[in-house]
2 protein chains.
Amino acid sequence: MEKIAYVNGAFVTHSEAKVSVFDRGFLFADGIYEVAAVLDGKLIDSASHLARLERSVGEIKLRLPETLERIEAIQKELVARNNLVNGMVYLEVTRGADTGRDFAFPKADVKSTLVMFTSEKDIINAPSAKAGINVITVPDIRWERRDIKSVALLAQVLAKQAAAEAGAGEAWMLEDGKVTEGGSSSAFIVTQDDVIVTRQNGTEILPGCTRKAVVKLAEERQLRIEERAFTVAEALAAKEAFITSASVFVQGVVAVDGKQVGNGKVGPMTDRLREIYVEFAKATAV
Amino acid sequence: MEKIAYVNGAFVTHSEAKVSVFDRGFLFADGIYEVAAVLDGKLIDSASHLARLERSVGEIKLRLPETLERIEAIQKELVARNNLVNGMVYLEVTRGADTGRDFAFPKADVKSTLVMFTSEKDIINAPSAKAGINVITVPDIRWERRDIKSVALLAQVLAKQAAAEAGAGEAWMLEDGKVTEGGSSSAFIVTQDDVIVTRQNGTEILPGCTRKAVVKLAEERQLRIEERAFTVAEALAAKEAFITSASVFVQGVVAVDGKQVGNGKVGPMTDRLREIYVEFAKATAV
């Protein structure tokens, strides 16, 4: 059975799932997206993703075409229609399709576009969760509002393609000698003193939902967290390194630019945080 | 009669002109565009736009799905099918639609998407050509590869929306105290000594096709040109200011941030360069 997507009110097959060439997502990257994980048919950390969606669209004055409640209901229906057990729901909202192409916002009667589709992935049992991944570093050449989860992702595409070509699982982006974040994940290290370090939120990085949950869960367990930028040298001198995202949860990093981190294996703090996160995810799934 | 667009080999009505929601232009802004003017049914400065297209796709390793010759032939056919006399042809090429969403490039068998559509505009007789436009200034928050004409245009959308809200015709973007360029145009001033000043090409700005032609035409006429960055203060102290782009040609700027430039009217050098450009455009149209 072909998979089902949601496009502006209709549930259609993936091959029928289309948008106008005048859609501002296609013409201008004038859109916002979110990716939520699905475990056992339920949405993970949904309130956090919906809150970030609302913030992102607000920052670019894009009107959501549906309420957050309705959006979550559509996500759930899409998961059900696809019999999705484990994977992700992708959601994109754009400033709609006008009759022509003009940079400035269209008139109020142009309705925002809402698209969703699902993909299957066994995040819990992904082989890389045990083995860890290598990361490479690339210059962070993105725009200055990285806190907005926009679909203007060409810099990240190029970063992650460079990683793929190098046989790495992620690219860490560097600015002023510090790691900002990964192409599609937040970056963490664990120092020799067992301090968990991840960059503070700001316009320089996306406020990761999984990052936020992991920081909170660690704090609740009296683990030491420092929110500050770190260098590659600090990562290489660290006990452990890991990334977080909705599609990998907590994922060990065992090498940076070909140099081993810690003992070159996924570390115990990473494993523990992953366990804690999965427990939280399952307990709060909707 | 509804207008006709071109989508991946087919000529279809605008309402039928659609791309997959999996198109990487829609998901990642992983695409390049060009806009060429049309005068009397002919393409303006076409070789220059096609050369820039080839350069842009090369910079992001995107394969054109057709040769440049074939692309120009399709543009011409689209102009003919729409009986377009004066206006523009928009062209977008993206890294195609895969079956799912992955940042890294898709496999070689995913064909790039090619979309074109036209719009009508009497560029020669546009009222703003006589009256000039106001511009506002905004911070340049774009990524670091502005020389690539990608569809990751959200920063420009926000800049040009700010201009529209201020009743201005363009937004000049400022970086380190200097003007980089307009949201969709190149920026020029004419000093009190009749020196035409426009920023030198580099990764900080798009290499404008109309900019390039105007610089060359001015040089051929022994007009003095300096390619260097300028400040807003220099623009306000200048005799004249103007912008260039495929969709306005040469367009006088009579105020910056509400402050008059020169005598507040479109100046003689601007008028002369516009005339020279239009003459060139008509003489070299294909």
Side-chain angles (χ1 to χ4, degrees), chain A residues 3 5 7 14-31 33 35 60-61 88 90 92 94-95 99-105 113 115-117 119 139-145 148 150-165 171 183-184 203, chain B residues 3 5 7 14-31 33 35 60-61 88 90 92 94-95 99-105 113 115-117 119 139-145 148 150-165 171 183-184 203:
Chain A
K3 284 197 284 185
V7 182
H14 276 199
S15 55
E16 293 166 335
K18 296 185 176 186
V19 291
S20 168
V21 299
F22 294 98
D23 194 280
R24 294 177 63 93
F26 184 72
L27 296 180
F28 296 117
D30 191 7
Y33 76 107
V35 180
I60 65 166
K61 298 191 175 69
M88 280 99 71
Y90 175 84
E92 178 170 340
T94 78
R95 213 181 304 272
T99 54
R101 178 179 180 273
D102 186 6
F103 282 82
F105 298 173
T113 294
V115 166
M116 296 183 203
F117 55 79
S119 57
D140 195 334
I141 62 169
R142 294 175 298 164
W143 76 328
E144 293 179 19
R145 291 302 306 277
I148 298 172
S150 89
V151 294
L153 292 166
L154 182 52
Q156 288 93 318
V157 163
L158 298 177
K160 290 184 77 89
Q161 172 64 16
E165 288 176 9
S184 62
T203 53
Chain B
K3 284 197 284 185
V7 182
H14 277 199
S15 54
E16 292 167 335
K18 296 185 176 186
V19 291
S20 168
V21 300
F22 294 97
D23 193 280
R24 294 176 63 93
F26 185 71
L27 296 180
F28 296 117
D30 191 6
Y33 76 106
V35 179
I60 66 168
K61 298 191 177 70
M88 280 100 68
Y90 175 84
E92 179 170 339
T94 77
R95 212 181 305 272
T99 53
R101 179 180 179 274
D102 186 6
F103 281 82
F105 299 172
T113 294
V115 167
M116 296 183 204
F117 55 77
S119 58
D140 196 333
I141 62 170
R142 294 175 298 164
W143 76 328
E144 292 179 19
R145 290 302 308 276
I148 299 171
S150 89
V151 295
L153 292 166
L154 183 51
Q156 287 93 318
V157 163
L158 299 176
K160 289 186 77 90
Q161 172 64 17
E165 288 176 9
S184 62
T203 53

Let me know if [X] has heavy atoms under 4.5 Å from chain B in its side chain, its backbone, both or neither.
| X | value |
| --- | --- |
| A/Thr94 | side chain |
| A/Ala164 | side chain |
| A/Asp23 | side chain |

Would the number of heavy atoms belonging to other residues, nucleotides or ligands and lying under 6.0 Å from NZ of A/Lys18 be above 12? no
Bottom line for B/Asp102: the part with an atom under 4.5 Å from chain A's heavy atoms is neither
If one checks every heavy atom of B/Ser119 against chain A at 4.5 Å, the contacting part turns out to be neither
Separation between CD (B/Glu92) and CZ (A/Arg101), nearest 0.5 Å, reads 8.0 Å
The reported gap from CH2 in B/Trp143 to CD in A/Gln156 (rounded to nearest 0.5 angstrom) is 9.5 Å
Side chain to side chain contact (heavy atoms under 4.5 Å, CB included) between B/Leu154 and A/Arg145, intermediate numbers included
CA-CA 10 Å; B/Leu154 183 51; A/Arg145 291 302 306 277; over 6 Å; no
Checking A/Val115, A/Val151, A/Leu27 against B/Phe26 for side chain to side chain contact (heavy atoms under 4.5 Å, CB included), the one that qualifies is A/Val115
Heavy-atom pairs under 4.5 Å with chain A, option from [options] with the top count:
| options | result |
| --- | --- |
| B/Glu144, B/His14, B/Gln161 | B/Gln161 |
| B/Ile141, B/Leu158, B/Val35 | B/Ile141 |
| B/Gly25, B/Ala17, B/Ala5, B/Ala163 | B/Ala17 |

| request: Decide side chain to side chain contact (heavy atoms under 4.5 Å, CB included) for A/Asp30 and B/Leu153; before the verdict, give the C-alpha distance in whole Å, the side-chain angles of both, and the deciding distance to 0.1 Å. | output: CA-CA 7 Å; A/Asp30 191 7; B/Leu153 292 166; over 6 Å; no
Smallest heavy-atom separation, A/Ala152 atom then B/Ala29 atom, equals CA-CB, 3.9 Å
Sequence neighbours excluded, the answer for ring-ring contact (aromatic ring centres under 6.0 Å, His included) partners of B/Tyr33 is B/Tyr90
Across all chains, not counting sequence neighbours, the ring-ring contact (aromatic ring centres under 6.0 Å, His included) partners of B/Phe28 are B/Phe103
